[in-house]
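Numbers restart at 1 for each chain; the letters A, B, ... are given by sequence-line order, proteins then strands. Here the structure is a predicted model, which means the values were calculated and not measured.
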Amino acid sequence: MFLLIYSTLFALTVVFALGVLVFRNTVKSAISLVFTMLCIAANYLLMRQEFVAFIQVIVYAGAIMVVFLFVIMLLNLREPESPAWYLRGMRYWGGALAFLFFFVLAWGIQVFSVADLTPGAAALEELRRESGQAEVTQLATLMVTRYIVPFLLTSVLLLVAVIGAIVMARRKDEDGRDITFDEDEEGA
Amino acid sequence: MQPLFDFLGQFTGGAGNAFVITAAILKIALFLGGVLTAVPFIIVFERKILSWIQDRPGPNRVGPFGLLQGFMDGLKLFLKEEIMPKGVDKTLFLLAPTLVVIPAFLALCIVPFGPIIQGEHLDALGSFLGLDPAMVGSGGEISQVALAVTNPNIGILYLLAITSVGVYGITLAGWSSNNKWSLLGGIRASAQMISYEITLSLAVIGVVLLAGSLNLYDIIEGQRGGFWHWNVVAQPVAILLFIVAMFAETNRLPFDLAEAESELTGGFHTEYSSMRFALFFMSEYVSMIVISAACATLFLGGFFGPIPLPWETLMEQFGLVAILAFYIVGPLVILPAKVSFFLFLFIFARGALPRLRYDQLMTLGWKYMLPIGIINLVVTACGVAIDMAITRDGEVAWVTKVSIGAVTLVLFLGWELLIFSRRRRSQLSREYRNLYRKESSSDPALAS
């Protein structure tokens, strides 16, 4: 029964991921990506990582992809990309490269075991054995103790991105001064 | 009842499994059935209340007081012809209503509509139903039955995740319809729902901090013992933010820019007819019910009544009847009453408030509600941290809750006063500026 659920889910994940590449229509590609994200979240659920699963849905499917879709719809890319810029034989070269990448990836995973690559998961497992705490508590504890520096650096990075977006979106008048949008002008 | 489960257990690998499956199906059927039956009545009440606000009779022909109007409207939609306009993107056009309905119903399944049955109560109810105490009972295989379809540990995150996915249906409906008004509606919906989701989450995080858990039952348990323990006392600003954001998330007036009949002829669902339109319509009401229930659970004590009754003594006196009553009053009286209050609020706001303009919507969301939410969160976090440092018992004391509530409320009112006084001042200064410009202008037409 579980094998059936697992394999169906994995198959669905791969099918939607392929859909992102295969669909010529940009909106359909984006929707496939959304479903891929949801399938990955379901995979996390099967691994009993509820918190990570729903954060995945909120952040990727719920926020990032909506912005993607928003931009796609604003640009209104209705016509499929014309195949004119395609190089001759690109399909075959691309396919070959993809297979090569797949084998390199598989080789890499085999050489370095997954536990080495993800010290966070190992640390989490260690904590779980030591205490019977809830998943969220464990994650939070790890995040503000062992990984406090990367955590704070990430927040600084996000802050920089936000300030950068504001600076770029700022409007200026002819003299180069900032135009501040005054709420009092509404309805005036 | 036990022989029935023994019989079913032959097919499901044990009588316990059979009981769990039967209970789950029963809960889903009763809850889903209840909500779906309520929807047509809510629509009738909406039209009745609107007509009362607008001083006209409203629907009064079908059934007593027009009560069956909603059912007949549903029947009418069933029988209407499906129309698919030329040039639509067929796959997405058909997919969109499903993508709206599924999240709305998925969100229903974490609403806790009654307490968890466990301990002596489960023993008593189990023997009443003739169940084997080794299977269902405090010492048995199944030691607790929650009166919610599911009870995940990260309950509130599930709700936020599902509501954030709900936007795709509306956006895609707008895009695939091949209609400029629909597209505008879809784009508006996606921008609006993303903006207000942030405020919604910020309002929720304060409650999560107070409860110390994401589980909805833990959050309700922290509000046990009368209305002065409800989270609304500790988070008066958060509930205001939540209510405003909840109007925006369900695309209801004054935030129904995605539909906006007067400018977009129906917005994202303009091109939909018959049952597909009915799906949009129904899921709007279902998500209203879900988010109202969520607000009641987070801020108004969920299935707990405002005044705690002496259930312990009642149960000693009346036994099984009192136990049954205890588990029936919550889901059938108290939670529906709270949900009805919020539904009335939804409908009343529709009758009383005009629709916001798009830039006003964005200004309200990003410049007012987001900062207020962040300040509220910081104050709450400080309060909880101080409480934890003093008592170290893992629970937030009532005094702390009240002080957090008082501080956030004072800060909120102060902020509002500041904004109003600044607005008044800048209005005055602009009038003076205009006066000065007019006087100094060399243009005779302006100078006069």
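- When heavy atoms are compared at a cutoff of 4.5 Å, B:L214 approaches chain A solely by way of its side chain, counted from C-beta outward.
- Among residues 32-42 of chain A, the residues having any heavy atom closer than 4.5 Å to a heavy atom of chain B are, in sequence order, A:V34, A:F35, A:L38.
- For B:Y168 (side chain) and A:A61 (main-chain N/O), a donor-acceptor pair under 3.5 Å exists by modelled atom type.
- Counted within 6.0 Å of CZ on B:F105, heavy atoms from surrounding residues, nucleotides or ligands total more than 12; the atom is thus considered enclosed.
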Enumerate, atom names and distances included, each donor-acceptor pair closer than 3.5 Å involving a side-chain atom of residues 181-191 of chain B, sequence neighbours excluded.
unit_1 : atom_1 : unit_2 : atom_2 : d
B:S182 : OG     : B:G267 : O      : 3.3
B:R188 : NH1    : B:L257 : O      : 2.9
B:R188 : NH1    : B:E263 : OE1    : 3.2
B:R188 : NH2    : B:E263 : OE1    : 2.9
B:S190 : OG     : B:I187 : O      : 2.9

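- Atom CZ in A:F51 sits 9.0 Å away from atom CD1 in B:I154 (nearest 0.5 Å).
- Side-chain contact check for A:V57 versus B:L157: every heavy-atom pair is 4.5 Å or farther apart.
- Expressed to the nearest 0.5 Å, how far CD1 of A:I55 lies from CG of B:L160 amounts to 9.0 Å.
- One distance of note links OG1 of B:T91 with NZ of A:K28; it measures 3.5 Å at 0.5 Å rounding.
- Not counting sequence neighbours, B:E249 has no partner by the side chain to side chain donor-acceptor pair (under 3.5 Å) test.
- For B:Y358, the OH atom counts as densely surrounded, since its 6.0 Å shell holds more than 12 non-hydrogen atoms of other residues, nucleotides or ligands.
- Near-neighbour residues of residues 193-202 of chain B relative to chain A, defined by a heavy atom under 4.5 Å from a heavy atom of that chain, comprise B:I194, B:E197.
- The distance from atom CE of A:M65 to atom OG of B:S164, rounded to the nearest 0.5 Å, is 12.5 Å.
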